[in-house]
Number of protein chains: 2
Amino acid sequence: MTSDCAACPVRRDSFCQTVPARDLKAHSKKRSFVEFKPRQTVMVEGEPATSLFIVTCGIVKLLRSLPDGRTQIVGFRQAGEYFGLGERDTYTTSAEAISGTRLCRFSRPDVAAMRRALPQLKKYMNRESLRQLTAAQDQVLLLGQMTAREKVANFLMVYGYRAPGDTARPQRLAKLPMSRSEIADFLGLTVETVSRMLAALANEEIIAIGQKTHSVHVLNPVALAGAARPGVAIARHAG
Amino acid sequence: MTSDCAACPVRRDSFCQTVPARDLKAHSKKRSFVEFKPRQTVMVEGEPATSLFIVTCGIVKLLRSLPDGRTQIVGFRQAGEYFGLGERDTYTTSAEAISGTRLCRFSRPDVAAMRRALPQLKKYMNRESLRQLTAAQDQVLLLGQMTAREKVANFLMVYGYRAPGDTARPQRLAKLPMSRSEIADFLGLTVETVSRMLAALANEEIIAIGQKTHSVHVLNPVALAGAARPGVAIARHAG
DNA sequence: GTAGCATCTTGATTCAGATCAAGACAAACC
DNA sequence: GGTTTGTCTTGATCTGAATCAAGATGCTAC
């Protein structure tokens, strides 16, 4: 169950840390790993909800769509987080791999059995769904009240984390795993506006944008926090 | 535990239906009812999270604020629903009574004891937090992608429910419990825009607005659903 | 009654962000 | 190499909703 991808940071309180792989194995009959390439669909909104997915490696986006094609990303899921089974017997979101992704898939009865047998798993899932609720409320505040500049700054505060082991000066951020249009769909903006806001922040020397890779480097974390409004941040992995 | 206010509809799967009052009483040592007047504050974002509240009667709004005063309503809670204790050890939202409200308050240890002793309560709370998550994602889609007109139409589809026993023709909706400014804070709009959109819908004879009470009457549910975009609706009691 | 205050509506104007349009740049292919 | 294709950036213009500003209406108190 542990991530075998050194680049994927796993939260300390995550699934993998809470429930050792061997315990899961003992109680799950149909556990199976699934791999997804970038842009590949994992599940589709409205289809029967049969599986619970746990991210082992990579990053997945959860999305909701309107009939006319407008799409909103309601959250991201990273290593150690789960998605899939929820309130209803159909999936309430679609899911798509952003980077190359490895997921652990459990059938509904397996999940029920494991929840019964492993109290620490049940506890983890309850805590995690509360965390996802708080993150979704963060996103509601962001979408409902913030300006485009504030939205982008907040996004960078949360998702522009430094890669582990990166000690370079000036402080630099890892290449964002998501594209400009994914950032836009998450923030309720257009690609053009996201690009303009990044350009503006770069112009103020708060960030620098990599010439070739489009990666984002934070030059002035304090000013970035100011642009995001102090005391306000969306939780990582909103959802 | 049952609502003693006939006007407050209680969902069939709600707290009150799931867990009989006597069972709760047996396991809770410090259970107490609290009453709130309209506009009275129940809890404040950032303060230590000590209580879980269950709405017995009335309606409560949950809100998040930015340092500069901008406020976003992240959800409403009605009879049979709970709020308060969540992911963190401080409240992540403030709560304020909209109508006159009666709440049932439980201390943290009492909640833990009851969850241990009453499996149906634990199950209800898990289900309910998943429902609140789905509702919050509905709101994210609404805030991120919908126009003002669509937002207001969706809101009416969900919160403009018919009062029980109201069989009048033409179909009429109960007076909305929340003010225009509360609708605005929930939809990420301004009061003026909400008022204008309601006026526009009234002008198209999709709804009628009560002259004295500002209550909203639906004249043409089909057209209203059209304005909200078919197949898209925010779940009641978004949260 | 009417005075005071809060809420709601309506109109005029402004502006942030969307839309439309054109290039710039990069990775993938032959 | 050159061509194709997709993503990103930049500029010009448009527009939906915010803002600013009056009024209208309703509620409460006296």
Side-chain angles (χ1 to χ4, degrees), chain A residues 37-39 61 66 68-72 98-100 142-156 175-204 207-217 227, chain B residues 37-39 61 66 68-72 98-100 142-156 175-204 207-217 227:
Chain A
K37 296 194 181 68
R39 297 208 57 80
K61 64 180 174 187
L66 294 177
D68 63 2
R70 281 174 286 177
T71 292
Q72 174 69 41
I98 287 186
S99 58
L142 178 131
L143 289 168
Q145 300 297 330
M146 289 193 189
T147 64
R149 181 186 165 92
E150 288 165 349
K151 286 178 178 179
V152 170
N154 263 289
F155 178 82
L156 290 176
K175 186 177 192 297
L176 295 173
M178 54 288 280
S179 69
R180 297 287 187 267
S181 91
E182 284 164 335
I183 299 174
D185 283 343
F186 182 64
L187 298 178
L189 300 171
T190 58
V191 219
E192 294 95 324
T193 301
V194 170
S195 182
R196 268 183 257 272
M197 294 302 144
L198 288 172
L201 291 171
N203 198 40
E204 297 170 45
I207 62 172
I209 297 170
Q211 287 298 338
K212 304 226 163 186
T213 54
H214 297 133
S215 64
V216 174
H217 302 230
Chain B
K37 297 192 180 70
R39 297 209 58 79
K61 64 180 175 187
L66 294 176
D68 64 1
R70 281 175 287 178
T71 292
Q72 175 69 41
I98 287 185
S99 57
L142 177 131
L143 289 169
Q145 300 297 329
M146 291 193 187
T147 65
R149 182 186 165 92
E150 289 165 349
K151 286 178 178 180
V152 170
N154 263 289
F155 178 82
L156 290 177
K175 185 179 192 297
L176 295 174
M178 53 288 280
S179 69
R180 298 286 188 269
S181 92
E182 283 165 336
I183 299 173
D185 284 342
F186 182 63
L187 298 178
L189 300 171
T190 58
V191 219
E192 295 95 323
T193 301
V194 170
S195 183
R196 267 184 258 271
M197 293 304 143
L198 288 173
L201 291 171
N203 198 42
E204 296 169 45
I207 62 171
I209 297 170
Q211 287 298 339
K212 305 225 162 186
T213 54
H214 297 132
S215 63
V216 174
H217 303 230

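First the proteins, then the strands, lettered A, B, ... as listed; each starts at 1.
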If the cut-off is 4.0 Å, is [X] near the phosphate of [N], judged by side-chain N/O to OP1 or OP2?
X: A:Arg196; N: D:dT10; result: no
X: A:Thr193; N: C:dG17; result: no
X: A:Thr190; N: C:dG17; result: no

Can you measure [X] atom [atom1] to [N] atom [atom2] for me and round it to whole angstrom units?
X: A:Arg149; N: C:dG17; atom1: CZ; atom2: P; value: 11 Å
X: A:Gln145; N: C:dG17; atom1: CD; atom2: P; value: 13 Å
X: B:Leu189; N: C:dC8; atom1: CG; atom2: C1'; value: 16 Å
X: A:Ile209; N: C:dC25; atom1: CD1; atom2: P; value: 14 Å
X: B:Ile98; N: C:dT7; atom1: CD1; atom2: P; value: 13 Å
X: B:Leu187; N: D:dA17; atom1: CG; atom2: P; value: 12 Å
X: B:Leu176; N: C:dT7; atom1: CG; atom2: C1'; value: 14 Å
X: A:Arg180; N: C:dA24; atom1: CZ; atom2: P; value: 19 Å

So, does [X] use its side chain to make a donor-acceptor pair with the main chain of [Y] at under 3.5 Å?
X: B:Arg149; Y: B:Ala200; value: no
X: A:Glu182; Y: A:Ser179; value: yes
X: A:Thr193; Y: A:Val191; value: no
X: B:Glu150; Y: B:Ala227; value: no

Give [X] one of three labels, base, sugar-phosphate or nothing, depending on what nucleic acid heavy atoms sit under 4.0 Å from its own.
X: B:Leu198; result: nothing
X: A:Ser179; result: sugar-phosphate
X: B:Gly188; result: sugar-phosphate

Which comes earlier along DNA chain D counting from the 5' end, the contact point of B:Glu192 or that of B:Thr147, where each point is its nearest nucleotide? B:Thr147

Among D:dT9, C:dC8, D:dA17, which nucleotide sits nearest the side chain of B:Met197? D:dA17

Nearest-nucleotide pick for B:Ala148, side chain only, options being D:dA17, D:dC8, C:dC8: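 Taking heavy atoms from C-beta onward, the closest nucleotide is D:dA17.
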
Side chains of A:Leu189 and A:Met197: closer than 4.5 Å at any heavy-atom pair? no

